[in-house]
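Proteins come first, then strands; the chains are lettered A, B, ... in the order of their sequence lines, and each starts at number 1.
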Amino acid sequence: MEVPILRQGQYLIASIQSALTDADLSHLREALIAQVGRSRCRGVIVDVTALDVMDSFAVRTLRDITHMARLRGAETVIVGIQPDVAFAMVQLGWTLKGVATVLDLEEGLAFLDGRTKERVVESKPKKPSSRG
Amino acid sequence: MDTKKSMSVSTRASDPQGALTESSAGLLRELVAHLRQNRTQLREEWARRITRAELLTAMTEEEIFAEATAVYDNYVEALETGTFEALQAYSRRLSERIIPRGVETDEVVGIVLLLRDVLARSLFNKYQDNVEKLNRILDSYEPAANRIANTVAVGFVEERERIIRQQQEAIRELSTPVLQVRERLLILPIIGVIDPQRARQLTEQLLRAIRANRAKVVVIDVTGVAAMDSGVANHLVQTVEASRLLGATVIVTGLSPEIAQTLVTIGVDLSEMATVGDLQGGIEEAERLLADRAAMPGPQAGREPGMELTR
């Protein structure tokens with residue numbers, strides 16, 4: 001299933017709506033990293049609220065997206081990890097070190113705003129959000 | 001052998017050994033009639049012996065006599081009908097009444113055995129001239145009486161266990177409150193012994209509360225925890241990490257000197273955990289973190305109204 005990637009101001013938002021196959025995840029990663037550069041984004045939000053399970057490949061993909069996006073100049077934040085998923089991940093030792101995680105989309109936007117504050121101040125292009 | 005005898009008591013009609021069954025049924029009827037006739041005298045004797053043996057000291061003499069009467073009637077009825085449901089229900093109700101008053105298991109077993117003795121003694125007296133008949137009467141009396149004693153004692157123990165389970169559940173619920181002290185700040189005071197089951201429950205409740213209250217900072221206070229082993233410590237670390245995945249920072253406060261020494265000695269890695277000496281310091285630190293956050297631009301900045309992605 002294709003994951004929609006929305007553009008919201010300076011940020012890209014990928015909202016995962018259902019369980020994804022490994023191929024879907026790889027595709028999401030490639031699409032996100034390509035778009036970060038193309039649309040000159042400062043931040044990426046991956047919303048996993050809808051996921052009830054997360055396997056090692058998904059966790060690794062999230063980490064890879066974070067690191068790759070950073071190389072392309074954007075901060076990434078993972079939002080909406082479910083409590084049960086969080087604890088299962090920790091028990092398996094997948095703690096997503098070095099990856100920012102916050103409660104929900106609103107927190108994610110606030111987090112990115114905080115992170116990119118200095119850079120946002122210098123120029124603030126107001127573009128309408130568009131599907132990418 | 002007891003099984004077979006009590007079987008013949010409870011299923012008289014379907015027993016193929018007609019003659020034997022008939023006579024034992026007759027004996028049982030005679031026995032029940034005897035117990036009905038001497039009801040007043042026997043239950044008084046029983047109540048007297050209960051008092052003398054200093055059982056049921058938590059109850060007054062009138063109460064003992066009232067309960068004794070009820071038990072006696074149920075006892076005779078169970079002997080007569082061979083069915084134990086009524087007695088079971090009664091002993092459950094009785095247990096419900098007397099357990100809160102501090103009646104112990106040995107007392108309940110004691111009084112039922114006393115009743116058995118009192119009744120057996122009265123049978124000895126009645127049939128002392130006819131030993132052969134006494135034997136046959138006792139043959140039909142004993143298995144039923146034993147089963148009655150069993151039923152009452154088991155009923156009592158089961159009720160006790162039910163209450164204990166209920167209380168354990170209640171204590172567990174009580175002992176894991178997740179409190180919101182202000183917007184986005186939760187406190188989880190842990191008191192008492194943490195076993196693996198409770199640790200898991202704590203974590204579950206905390207993670208849910210973080211989500212429900214949209215908490216940003218959590219202070220876990222372990223002042224009331226006397227000891228911690230490596231399993232519990234690792235669980236605590238996992239809880240801290242899981243909370244981080246939900247976007248909440250955890251501050252652990254009140255680690256006692258003993259626990260601090262134990263944890264370092266057994267080599268639990270707590271380097272990822274923010275710890276503050278006491279609860280007051282923990283809350284101050286939490287407020288500092290929240291103030292830092294509030295200084296950031298609000299979530300509405302750079303966002304257009306009407307866009308909803310979360311469901």
Side-chain angles (χ1 to χ4, degrees), chain A residues 4 6-11 13-17 42-43 45 47-50 54 59 62 77-97 99-117 120-121 124-129, chain B residues 178 183-184 186 196 199-218 231 234-250 269 271-273 289-311:
Chain A
L6 309 181
R7 171 98 190 257
Q8 163 64 38
Q10 297 250 304
Y11 312 136
I13 301 172
S15 179
I16 299 175
Q17 298 297 337
R42 295 299 194 188
I45 295 177
D47 183 3
V48 296
T49 310
M54 222 183 285
V59 173
L62 292 179
V77 59
I78 313 296
V79 307
I81 298 178
Q82 297 291 340
D84 295 341
V85 176
F87 196 63
M89 283 167 64
V90 169
Q91 280 187 317
L92 291 165
W94 310 332
T95 53
L96 281 177
K97 286 225 168 65
V99 178
T101 52
V102 296
L103 190 69
D104 55 19
L105 185 61
E106 188 176 330
E107 288 293 317
L109 289 164
F111 172 85
L112 289 180
D113 284 346
R115 275 300 177 90
T116 56
K117 195 165 74 179
V120 172
V121 169
K124 206 170 193 176
K126 261 287 186 186
K127 283 178 195 163
S129 60
Chain B
V178 183
E183 194 90 337
R184 330 219 68 182
L186 294 180
R200 185 192 308 275
Q201 198 188 2
L202 276 171
T203 306
E204 243 168 59
Q205 286 197 2
L206 177 63
L207 295 181
R208 289 222 166 113
I210 287 174
R211 197 158 183 75
N213 298 304
R214 309 191 73 239
K216 206 65 207 161
V217 183
V218 179
N234 281 322
H235 193 93
L236 197 59
V237 174
Q238 288 180 342
T239 305
V240 172
E241 281 170 349
S243 303
R244 190 189 75 84
L245 289 178
L246 294 186
T249 311
V250 176
D269 180 18
S271 53
E272 296 289 314
M273 231 160 65
L289 288 175
L290 285 172
D292 282 358
R293 246 197 100 260
M296 290 183 192
Q300 299 305 318
R303 189 149 79 101
E304 279 154 35
M307 201 201 72
E308 271 303 326
L309 273 184
T310 42
R311 296 170 302 155

Do B/T203 and B/Q238 touch side chain to side chain, with heavy atoms closer than 4.5 Å? no
Relative to chain A, which of B/H235, B/E241, B/K216, B/R208 shows the most heavy atom pairs under 4.5 Å? B/E241
Minimum heavy-atom separation for B/E183 to B/L290, with atom names? O-CD1, 4.0 Å
Per-residue tally against chain B (heavy atom, under 4.5 Å) across A/A88, A/P83, A/G108 peaks at A/P83
Choice from A/I78, A/V99, A/I81 maximising heavy atom contacts with chain B below 4.5 Å: A/I81
Presence of salt bridge, A/R42 and A/D113, under 4.0 angstrom: no
Is there a donor-acceptor contact under 3.5 Å from the side chain of B/R184 to the main chain of B/V217? no
Side chain, backbone, both or neither of B/L206 within contact of chain A (heavy atoms, under 4.5 Å): neither
Top residue by heavy-atom pair count (under 4.5 Å) with chain B, among A/V77, A/V85, A/V90, A/V79? A/V90
In terms of heavy-atom contacts, A/L112 and A/I45 come closest through CD1-CG1, 3.4 Å
